Amino acid sequence: MATDSWALAVDEQEAAAESIGTLQIKDTPEENGTTASIASIANTTEESSTAAKTEPEATAKTKEDDEPDDKAAQSLLNKLIRSNLVNTTNQVEVLQRDPNSPLYSVKSFEELRLKPQLLQGVYALGFNRPSKIQETALPMMLAEPPQNLIAQSQSGTGKTAAFVLAMLSHVDPNGKFPQCLCVSPTYELALQTGKVIEQMGKHYPEVQLVYAIRGNKLQRGMKLQEQIVIGTPGTMLDWCLKFKFIDPKKIKVFVLDEADVMIATQGHQDQSIRIQRALPKNCQMLLFSATFEESVWNFAKRIVPDPNIIKLKREEETLDTIKQYYVQCNSKEEKFQALCNIYGAITIAQAMIFCHTRRTAGWLAGELSREGHQVALLSGEMQVEQRAAVIDRFREGKEKVLVTTNVCARGIDVEQVSVVINFDLPVDKDGSPDNETYLHRIGRTGRFGKRGLAINMVDSKFSMNVLHRIQEHFNKKIEKLDTDDLDEIEKISS
Ligand SMILES: Nc1ncnc2c1ncn2[C@@H]1O[C@H](COP(=O)(O)OP(=O)(O)OP(=O)(O)O)[C@@H](O)[C@H]1O
C-alpha cells in the first residue's frame with residue numbers, strides 16, 4: 001500500500017472495509033466491530049521507511065517528519081492513549097460575534113438543562129463537571145438561536161465531548177432523517193468520535209448514528225433515517241450531493257473536527273467547503289482544532305460564517321526545574337558506553353531516550369536489552385495501535401526505558417518520567433536546532449513542576465554546535481558531565 005499519500009491510503013482502506021455496515025447506537029458499543037476495524041487498517045499511518053536509512057544522522061530531519069499522515073496518526077495515537085482530561089489552569093479567551101450579548105459559562109452539567117437521557121450519558125462517562133473549554137463552549141453551542149463557533153484547544157481538553165453533546169442535544173428524535181453532520185479527517189478518527197457519540201447517547205436509543213465511510217455501501221436511492229452522520233469528507237460529500245442519501249437542506253448542525261489535520265490532507269479542505277455550501281444558512285457551524293496557524297484560521301473563516309471564537313492556551317512548558325547536562329563522545333558506541341556508565345552510577349526509575357532515526361533507536365534498544373534493561377521501543381514501523389500499547393505498558397511501569405524517535409513520540413506526555421536522554425539532539429529539516437522539540441521533550445508544565453534531569457549526548461562538532469545554540473536560545477546553562485567519573489555522575493541525581 002502506498003504510504004506517501006495519506007489520502008490515497010484512506011481511499012484504499014475505506015474501499016477494503018466492505019464489511020462495515022450501518023452502525024447504530026447500541027448499549028454495548030464494543031460489540032459492533034468498530035475496534036476490529038480500526039486495528040485492521042492502522043498500518044497505513046506509517047512514516048516513510050526509506051528516508052531514515054539514507055540521510056546522515058543528526059544532521060537533518062528525515063522526510064518522515066513531513067508526511068501529511070503524521071498529524072492524523074499522532075492525533076489518533078493521542079486519542080488511543082488518553083484516559084483523562086488534560087487539565088489546564090489557563091483562562092479561555094473568548095471573542096464573541098455579538099460583544100453585547102452576555103457571555104455565559106457553566107460550572108456544572110445541570111446548569112445546561114440537558115435532556116435527562118443525555119445527563120445520564122454524561123455521568124455514565126464519569127464526567128463530573130465541564131472541562132475548561134466546555135464551560136464556555138457548551139452554553140454557546142446550546143444557545144437558541146444556535147451560534148456558530150470556532151474553538152481551539154490542545155488535544156485532550158474536551159472538545160469532542162463538547163460537540164457530541166451539542167449534536168445530541170439538537171437532534172429531534174422523532175425526525176427520522178439526518179440532522180447533524182460531523183466530518184473527521186480520517187476513517188479511524190471518525191470511528192473514535194463515533195464511539196463517543198455511542199457512549200454519550202447510550203441512554204437515548206431513539207437517536208441513531210451512521211458512518212459515512214467508503215466501505216459502508218448503501219443502496220442507491222435510499223434515504224438515511226439516522227439523525228447523526230459521521231464520516232470523512234469525500235464520502236460525506238458523495239452521500240449529500242451525488243447519491244443524495246442525505247438531504248443537506250435539513251441539516252441543523254455541521255461539525256468539522258480536527259481542522260488542522262483536515263487541511264494537511266489533500267482534497268479534504270475543498271470537499272468540506274463543498275459540503276458546507278450545500279447546507280442551509282441557519283445551520284449551526286462548529287469547527288474544532290488543536291492548533292491555530294494561519295492556514296487553519298483561513299480555512300475556519302471559510303467554513304464558519306460570523307463565528308464566536310474560543311481559544312484555550314496551552315500550558316507553558318519551562319526548563320526552570322530541569323537539570324541539564326551534556327556528555328561529549330566521538331561515536332554512537334561511545335554514547336552507548338556513556339549511557340551504561342550513567343545507569344551504573346545512578347538509579348533511574350524510568351527514562352525516555354530520543355534518537356534521530358528509527359535505525360539508531362532499534363540499534364540502541366537492542367544494545368540496552370543485551371545489557372539487561374527492560375526496554376520498550378517505539379518505532380515508525382509499528383501500527384498506531386501497537387504504539388499506543390507500548391506507551392500504555394511504559395506508563396504502567398512494565399518497562400523502565402522507552403527508546404523512541406521524535407516522530408513517534410511527538411505530543412506524548414509521560415508525566416512520571418524524570419530522566420530524558422537526547423541520544424541525538426533534535427534538529428529541524430535544515431539541521432538547525434529544534435528548540436521547540438527540545439523544550440517539549442524535557443520541559444515540564446508548571447503544574448507538574450517536578451524536578452527533572454536531561455542528558456544530551458554530543459558526538460561531533462556539528463552536534464556540539466547544536467547544543468551551544470540550544471543553550472543560547474533558552475539562556476540556560478547545560479553543564480558538562482564526565483561519565484567516566486562515577487562520583488560526578490552520582491552528584492547529578494542528588
Ligand atoms: N467534563 C469532563 N470530565 C471528565 N473527563 C472528560 C470531560 N470531557 C472529556 N473528558 C475526557 O477527557 C478525554 C479528552 O476529551 P476529548 O476527547 O473530548 O478531548 P479533545 O479536546 O476532543 O481531544 P482530541 O483533540 O484529542 O480529540 C476523554 O477521555 C474524555 O472522555
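Counting convention: from 1, in listed order, for ligands and their atoms alike. What you are looking at is a predicted structure, and each value in this text was computed from that prediction instead of being measured.
- The shortest side-chain heavy-atom distance between Tyr438 and Leu319 falls under the 4.5 Å cut-off.
- Each of Lys79, Arg82, Ser83, Asn84, Leu85, Phe109, Phe127, Arg129, Pro130, Ser131, Gln134, Gln154, Ser155, Gly156, Thr157, Gly158, Lys159, Thr160, Ala161 has a non-hydrogen atom positioned under 4.0 Å from some atom of ligand 1.
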*How far apart are the C-alpha atoms of Glu293 and Ser295, what are their side-chain angles, what is the distance that settles it, and do they pass the side-chain hydrogen bond (donor to acceptor under 3.5 Å, both in side chains) test?*
CA-CA 6 Å; Glu293 52 272 11; Ser295 51; 4.5 Å; no

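- For the pair Leu224 and Phe177, the minimum side-chain heavy-atom distance is 4.5 Å or more.
- When each of Arg358, Arg387, Gln386 is checked for a side chain to side chain donor-acceptor pair (under 3.5 Å) with Glu381, only Arg358 meets the rule.
- Stacking of Lys159 on the aromatic ring of Phe288 is not recorded, the 6.0 Å distance cut-off and the 45° axial limit not both being met.
- Residues passing the side-chain hydrogen bond (donor to acceptor under 3.5 Å, both in side chains) test with Lys400, sequence neighbours excluded: none.
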